Amino acid sequence: MGLKIFNTLTGRKEDFVPLQEGKVGMYVCGVTVYDLSHIGHARCYVAFDVVYRYLRGSGRSVRYVRNFTDVDDKIINRAAQTGDAPVDLATRNIEAFHRDMDSLGCLHPDVEPRVTDHIPEIIALVERIIGNGHAYAAPDGSVYFSIDSFPQYGQLSKRNLDDMVAGASERVDEDPNKRNPLDFVLWKPAKPGEPWWESPWGRGRPGWHIECSAMSARHLGETFDIHGGGKDLVFPHHENEIAQSRAASGKEFVRYWLHNGFVNVDQEKMSKSLGNFFTIRDVLALYHPEAIRMFLLSTHYRSPINYSARNLDEATGRIEYMIETVGKVEAALADGGPEGGEAAADVARVRGAIGEAMDDDFNTAAALGHLFELCRAANDWVARKRKTPGRIETLSAIRKVLAEAAGIFGILERPPATVLSEIRDRDVARLGLDVVDIERVIAERWAARQAKDFARADALRTELSARNIDLMDSPQGSTWRVRRQAQE
RNA sequence: GGCGCCAUAGCCAAGUGGUAAGGCAGAGGACUGCAAAUCCUUCAUCCCCCGGUUCGAAUCCGGGUGGCGCCUCCA
C-alpha cells in the first residue's frame, strides 16, 4: 500500500499521487515575525519536518518552501511600540525563529522566502487577478478580491456564502470600499509612517493572503502537491489563497491540504491572544529538544495535544529509554561476538509496521509505538549471552532500523551519552539541584560501599533518593539520574 | 446563530466493520549486598449514553450528553 494523506479539501484520506512521480512540491505557511514563536508553532513545524523527512526518506525528491511574513499590521504595531524599524524587528525574529527550529532539530526548508523580497511578484499577481475580473481597485488605493466572482469560495472550509454574509453582518461594519462585506484585501494603501512600495494603485503593501499565493507560485509553480499549516489557517487564509491563485491562473492550485491540530493548555488553544502560550525557548530550557519532539509526535498531527509538565515528563522518559537502548545496542555491537546466525524476523516485521503507520497519513503515534516494541526486543537481545545464535545479526539489524527511524522522526541521531547528559542537565535545572553536592554524597557512598559499610551506603542512597536522585551502581562506579515523577 | 472536530483503562495514546497497539503509573517475578537500569508476567469482557444497520461495530447511521475549534489576528 502506498502513502495516504488526509486532505482537508475532500475530508478524506486519499492515495498520494504527486503531480510528477517521485517529486513533491510542498508549501507550509510560516510565521509572522513580530514576536518569538511558541510551542504551538513548534508543533506545526515539527509535524511538517517529519512529513518532509518521511517523503525524502522514501526516495522522493522534495522541494519544501516555508515563508516568513515580514510585513504586516502586527509587525508595524509592535515595531512602533519598541521603536524599532519594522524590518529590524522582523529580521531579529527571523533569526530567533531559525535558532528555535535548529534547536528542535528541524531540517531547513529548501526555500524560505520573505514577503518583502516578492513585492513585484505580488503586484503582478494582483494585476492578473484584476485582469481576470476577480478583483477591483477601490478609490482609497485598496484592491479587493471579489468573492462573488468566485463561486467555489468556501469549498475548503465548507462554508456557505449566504450564511457567512448573514453572520458577518452582525459583527463587521459595512466598508464602503467593498462590494461584498466578505471581499478581502489584496493590496492596502500605506498610512503615514508605514512601509510602502509603489504600485499601480499607489503606495501600499500586500494584504496577508496574497503573499502565499505569490510565493508558492514563484517557488513551486501554479499547481503543486502539498500545502500545510495550522487548522486555524483553513479559514480565511487558505480559503483566500485558493481563490486568489485560481482566479489568477485558472488552474488547480493545491492537490493535498494538510492541517495540524492545536497545542492546548488546560484544554484551551494556546495562542498569543489568549496569552496562555509558552515560547519555544522557554520550553527548551526545561525540556530536551528530543523530549519535545517525542511529546509532539506521540499524538497524531491532526489531533489536539495538551501541553503539561506531566506529558512532557512522560515524553522525556520515553525518549530517555530509547536513547539508552541505542547506546546499549551500540556498545553490544562494539563488544562483538560470534557471527554467522540470522537476524530475528521480528526486526523486519517492526520495520514494515513503522512504514505502514507512516504511510497512513503520517501516523507517528502508531509508528513510535512500534519503535517501542523494537527497543524492548533490543534490550532483550543485548542482555542475551554473547554466543546466542543470531545475536550480532539481530542487533545489527535493529541498529539499522533504529537509524532509519531516527532519520524520520529527527530523534536518536546524536551520541547517546551526550544527549542523556543534556537531558539530565535540564532535570537538574528544573529542580534546582546542587550537582556538586550530589556528586560529593555519591563519592562518599561509593567509598562506604567499597568498605562494605552497606548500612552507611544505604543511608546515603536514601538521602539522595529523597532529593529525586536515582543511583545506578556498576563495577566501574555509580552513575545517577534525576527521577521524574508525574505531577498533579 | 452557521460550519467543523473530538469523546478509548488512574493518566497519555493508536485503532474507522471481524472481536481493544504502544507508553506512563500500579502489582508480581528475574537480576542486584540493597537499589536503579533492563527483561518477563499482569493491568479495558470492553471503547460517553440511547436506539438502528449487520452474521458481526469502539469502528457505519440517527438521536442525546459533554468538550474543543473556526466564523476577527492566529501554527
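Since we're looking at a predicted model, the values are computed, not measured. Chain naming here is simple, since letters A, B, ... match the order of the sequence lines and numbering starts at 1 in each.
Note: Phe253(A) and Phe224(A) meet the aromatic proximity criterion, with ring centroids under 6.0 Å apart.
With a cut-off of 3.5 Å on both Watson-Crick or G-U wobble distances, the partner of G10(B) is given as C24(B). The nucleotide A58(B) finds no pairing partner, because no Watson-Crick or G-U wobble arrangement with both distances shorter than 3.5 Å includes it. Across all strands shown, C5(B) forms a Watson-Crick or G-U wobble pair, both distances under 3.5 Å, with G67(B). In this structure U45(B) sits in no base pair that meets the Watson-Crick or G-U test at under 3.5 Å.
Here C70(B) is the nucleotide among A21(B), C34(B), C70(B) with the atom lying nearest to any side-chain atom of Phe235(A). Distances were taken from every side-chain heavy atom of Asp473(A) (C-beta onward) to each of C3(B), C39(B), C34(B); the shortest belongs to C34(B).
For the OP1/OP2 pair of G23(B) and a distance below 4.0 Å, the side-chain nitrogens and oxygens of Arg376(A) include at least one atom meeting the criterion. Between Tyr153(A) and the phosphate of C71(B), there is no side-chain N or O to OP1/OP2 separation shorter than 4.0 Å. At the phosphate of A75(B), neither OP1 nor OP2 sits under 4.0 Å from any side-chain N or O atom of Lys269(A). Contact between the side-chain N/O atoms of Trp208(A) and the OP1/OP2 oxygens of C74(B) is found at a separation under 4.0 Å. The shortest distance between the side-chain N/O atoms of Asn260(A) and the OP1/OP2 oxygens of A75(B) is not below 4.0 Å.
Computed from coordinates, the His38(A) NE2 to C73(B) C1' distance equals 11 Å when rounded to whole Å. The distance between atom CZ of Arg481(A) and atom C1' of A35(B), rounded to the nearest whole Å, is 13 Å. Rounded to a whole Å, the CG atom of Asp73(A) is 16 Å from the P atom of U72(B). We find that CE of Met270(A) is positioned 13 Å from P of A75(B), with the value rounded to whole Å.
Here the side chain of Asp183(A) pairs a donor or acceptor atom with the backbone of Asn180(A) at under 3.5 angstrom.
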Response to the item:
Quick tally for nucleotides 9-17 of chain B: nucleotides whose base has a protein heavy atom under 4.0 Å get B, sugar-phosphate-only ones S, the rest -, giving -BSBSSS--
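No hydrogens or angles were tested; on distance alone, nothing pairs the side chain of Arg159(A) with the base of G4(B) as donor and acceptor under 3.5 Å.
With sequence neighbours excluded, the residues forming a side chain to side chain donor-acceptor pair (under 3.5 Å) with Asp380(A) are Arg384(A), listed by chain and number.
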